[in-house]
Structure formats: structure tokens, C-alpha cells
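Chain identifiers are assigned alphabetically (A, B, ...) following the order of the sequence lines, protein sequences preceding nucleic acid strands; residue numbering begins at 1 within each chain.
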Amino acid sequence: MNTSAKTNLILDITIFAAFLVSANPALTGNTIHEWLSLSFAAAIIAHLLFHWKWLVNVTTEFFKKFFHQSRLNYVMNLLFFVAMTAVMLSGLMISKDIMSFLGIQLDVSRSWKTIHSLAADASIIMLGIHTALHWKWIVTYVGRYLVNPIRGLSQPQANAPKGLVPQPVRIQKEN
Amino acid sequence: MKTILNILVILLVTAIVAGGVFALVENTTLVSSNESGHGQPPATLNADGTSAQPMRHGEGDGERGASFTRGMSELLVTLGKLGAITVIVLLLQKGFDQIRSMKFKTIQS
């Protein structure tokens with residue numbers, strides 16, 4: 001899927017905001033926490049689709065070159081994916097609103113709650129590492145698409161005309 | 001069509017990972033002491049339906065209500081954690097880069 005950096009940036013900022021909100025159920029309450037987290041899965045699928053080429057390339061090249069930045073990225077992303085899947089699964093297992101909405105009654109062991117909080121903590125750590133590994137990209141595109149346009153709005157343009165400026169007029173003499 | 005196929009691949013991988021996590025949790029259910037009871041030691045249980053303690057829905061209802069002040073403070077804590085981890089990783093990266101460049105200079109000289 002070919003996408004521009006701007007689209008990627010918008011999606012990533014949305015995912016980041018959704019992650020922050022859904023990681024703090026005290027802010028939204030349990031119902032919004034559950035449904036937001038479920039919709040978050042769709043956003044992650046979109047994020048993976050946007051980076052599909054990179055995923056396929058690194059997966060096929062994984063064992064060819066041993067020490068490489070993309071290899072580290074790949075392993076970290078894989079761990080992040082596992083952590084997020086564990087959060088989603090354990091969240092569904094202990095869910096009160098989604099499962100009752102679907103009419104499913106689960107008698108699950110208490111340890112799913114422990115798994116949910118452990119996996120959530122792990123995914124926060126993995127998100128921190130993920131952010132650090134893509135820091136250059138983030139700084140570049142946040143600067144280009146967010147900081148510079150906002151700065152441009154607050155600063156007056158250098159080439160803009162200030163009031164009325166006299167213009168030279170060419171007068172043709174009649175013969 | 002290609003996108004749908006890619007989505008199916010992602011869902012398949014997710015299902016495999018989720019299946020692995022499910023099998024891992026259900027086969028070796030580790031219950032911490034504060035969950036299993038008052039002062040009881042941690043126990044490893046087989047989740048065959050007989051020994052695992054079922055969680056009744058509706059437990060822990062204290063978490064259900066939303067509080068903007070508490071939620072915002074927790075959100076700020078999460079942001080702080082994220083920031084700290086990011087800074088640590090960036091510093092580590094910078095340190096490794098410096099060591100690498102120093103090694104490179106030593107080899108050159």
C-alpha cells in the first residue's frame with residue numbers, strides 16, 4: 001500500500017493518542033476503554049498495511065545480514081506485536097462490556113487480569129523503544145508537517161506587501 | 001484484493017500469536033499471592049477447569065468509573081514513562097555510535 005509520509009504521520013499520531021487514552025481506563029471509564037482498545041486493533045492493522053513493503057523486505061532479508069538497524073527494529077516490532085496481542089486477548093478475556101454486548105459469558109481464571117496488566121506494561125516499554133528507534137523520522141516529519149506550518153501561521157510572511165505600494169505606470173504619448 | 005490478502009495474513013499471524021498466548025496462560029496459570037487469597041503463597045495451577053479460580057464478571061468494579069483528574073494524572077505518568085524510556089534508548093544509541101566511531105578512528109590511525 002503506497003502512502004505518503006503525511007498520511008503515515010496522521011495515523012501514527014492517532015494511534016499514539018488512542019494508546020495513551022486506552023492505557024488509562026481511569027480517564028474514560030471501562031466501557032470506552034474496551035471499545036477504544038478494540039478499534040485500536042483496526043488502527044494497528046492499518047499501520048502494518050502502511051509498512052507492508054518494509055515488513056516483507058526485512059522478513060525475507062532477516063537472516064542474510066546479521067548486524068543491522070532494521071534487524072533490531074524488526075525484533076522490537078515483533079515483541080511489540082506479541083505484547084499488544086497479549087493485551088488485546090487478555091483484555092477480551094476479562095472484558096465486561098464487549099463480551100456482554102456479544103452475549104458471551106466467560107468463566108476465566110483470574111490470572112488473565114495479571115497477564116493484562118503485565119502485557120500492558122510491556123507494551124508501554126515497547127512503545128518507548130519503538131518511538132526511540134524511529135526518532136529521526138518523527139522529528140523530521142513532525143517538524144515538516146506540524147511545527148513549520150504552525151510557525152508559519154504565527155510569523156508574518158516576509159514577501160507580503162505592507163499596505164499600499166506605489167507601482168510604476170507607463171504613459172504612452174499620443175502623436 | 002491485495003490489501004484484503006495482506007489483512008488476512010496479519011489476522012492469521014495475530015491468531016497464531018493469540019493462540020500461543022492463550023495456550024501458555026491456560027496451561028500454566030500463575031496466580032499471584034494477592035489474587036489467590038490472603039497471605040497464601042503463589043501457586044502454579046493446571047487450568048483444566050477444576051483447580052483454576054474462575055473470575056466472576058463484575059469483580060473489580062471500582063475501576064469502572066471515569067475520573068478526569070485521576071485519569072489525566074495517570075496519562076501524564078504514562079507519558080513520563082514513555083519519555084524516560086525513549087530518552088534512555090536514544091542515549092544508549094548515541095553511546096554505541098560514539099564507541100563505534102572511536103573504534104573506527106583507532107583502526108584508521
Side-chain angles (χ1 to χ4, degrees), chain A residues 1 16 19-21 23-33 41 44-46 48-49 52 55-56 69 76 78 81-82 84-90 92-97 99-100 105-115 119 121 124-133 135 138, chain B residues 2-3 6-7 9-11 13-22 24-26 28-32 35-36 45 47 49 51-61 63-75 77-79 81-93:
Chain A
M1 190 181 272
F16 185 74
F19 182 91
L20 279 181
V21 174
N24 297 288
L27 186 69
T28 54
N30 195 60
T31 311
I32 296 174
H33 166 74
I44 292 175
I45 290 174
L48 290 174
L49 285 174
W52 190 256
L55 260 173
V56 172
Q69 171 91 25
M76 286 299 159
L78 197 67
F81 180 75
V82 172
M84 287 308 297
T85 309
V87 173
M88 297 280 175
L89 179 70
S90 55
L92 279 174
M93 294 302 281
I94 60 170
S95 156
K96 291 157 192 161
D97 295 295
M99 286 305 183
S100 61
Q105 190 77 36
L106 285 175
D107 262 353
V108 290
S109 80
R110 277 166 173 264
S111 56
W112 280 109
K113 205 166 187 178
T114 315
I115 298 293
D121 288 344
I124 287 173
I125 295 169
M126 297 314 298
L127 179 61
I129 296 170
H130 190 75
T131 309
L133 291 176
W135 190 248
I138 294 167
Chain B
K2 202 179 169 187
T3 311
N6 294 349
I7 292 170
V9 171
I10 292 167
L11 289 177
V13 175
T14 312
I16 291 166
V17 173
V21 172
F22 186 84
L24 204 74
V25 174
E26 286 293 310
T28 55
T29 310
L30 190 74
V31 182
S32 63
E35 281 182 350
S36 58
L45 306 167
S51 53
Q53 288 178 308
M55 197 190 84
R56 289 185 300 275
H57 285 287
E59 282 181 2
D61 277 358
E63 289 178 9
R64 286 179 77 86
S67 157
F68 185 76
T69 325
R70 197 162 63 93
M72 279 310 284
S73 63
E74 278 183 16
L75 193 141
V77 169
T78 311
L79 256 179
K81 282 179 193 170
L82 276 172
I85 294 161
T86 307
V87 168
I88 289 166
V89 175
L90 283 173
L91 287 174
L92 279 173
Q93 266 188 328

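B:Val87 does not touch chain A: none of its heavy atoms, backbone or side chain, sits under 4.5 Å away. Within the 4.5 angstrom heavy-atom criterion, only side-chain atoms of A:Leu89, from C-beta onward, approach chain B. For B:Leu11, the part sitting under 4.5 Å from any heavy atom of chain A is the side chain, from C-beta outward, and nothing else.
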Practice task
I would like to know whether B:Ile85 and A:Met126 meet side-chain contact (heavy atoms from CB on, under 4.5 Å); could you show each step before the answer?
Solution key: CA-CA 9 Å; B:Ile85 294 161; A:Met126 297 314 298; over 6 Å; no

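In terms of heavy-atom pairs under 4.5 Å with chain A, the best-connected choice from B:Leu75, B:Val89, B:Thr78, B:Val21 is B:Leu75.
Atom CG of A:Leu49 is separated from atom NZ of B:Lys2 by 11.5 Å, given to the nearest 0.5 angstrom. Atom CD1 in B:Ile7 sits 10.5 Å away from atom CG in A:Leu48 (nearest 0.5 Å). If you take CG on B:Leu90 and OG1 on A:Thr131, they are separated by 9.5 Å, rounding to the nearest 0.5 Å. B:Leu24 CG to A:Ile115 CD1: the interatomic distance, rounded to the nearest 0.5 Å, is 7.5 Å.
Minimum heavy-atom separation, B:Met72 to A:Leu27: N-CD1, 3.6 Å. Summarising the geometry of A:Ala132 relative to B:Gln93, their closest heavy-atom pair is O-OE1, 3.9 Å, with the distance given to 0.1 Å.
Counting heavy atoms from C-beta outward, A:Asn24 and B:Arg70 have side chains that stay 4.5 Å or more apart. Here the side chains of B:Ile10 and A:Trp52 are in contact, with some heavy-atom distance below 4.5 Å. Contact of the A:Leu20 side chain with the B:Leu82 side chain is registered, since non-hydrogen atoms from C-beta on lie closer than 4.5 Å.
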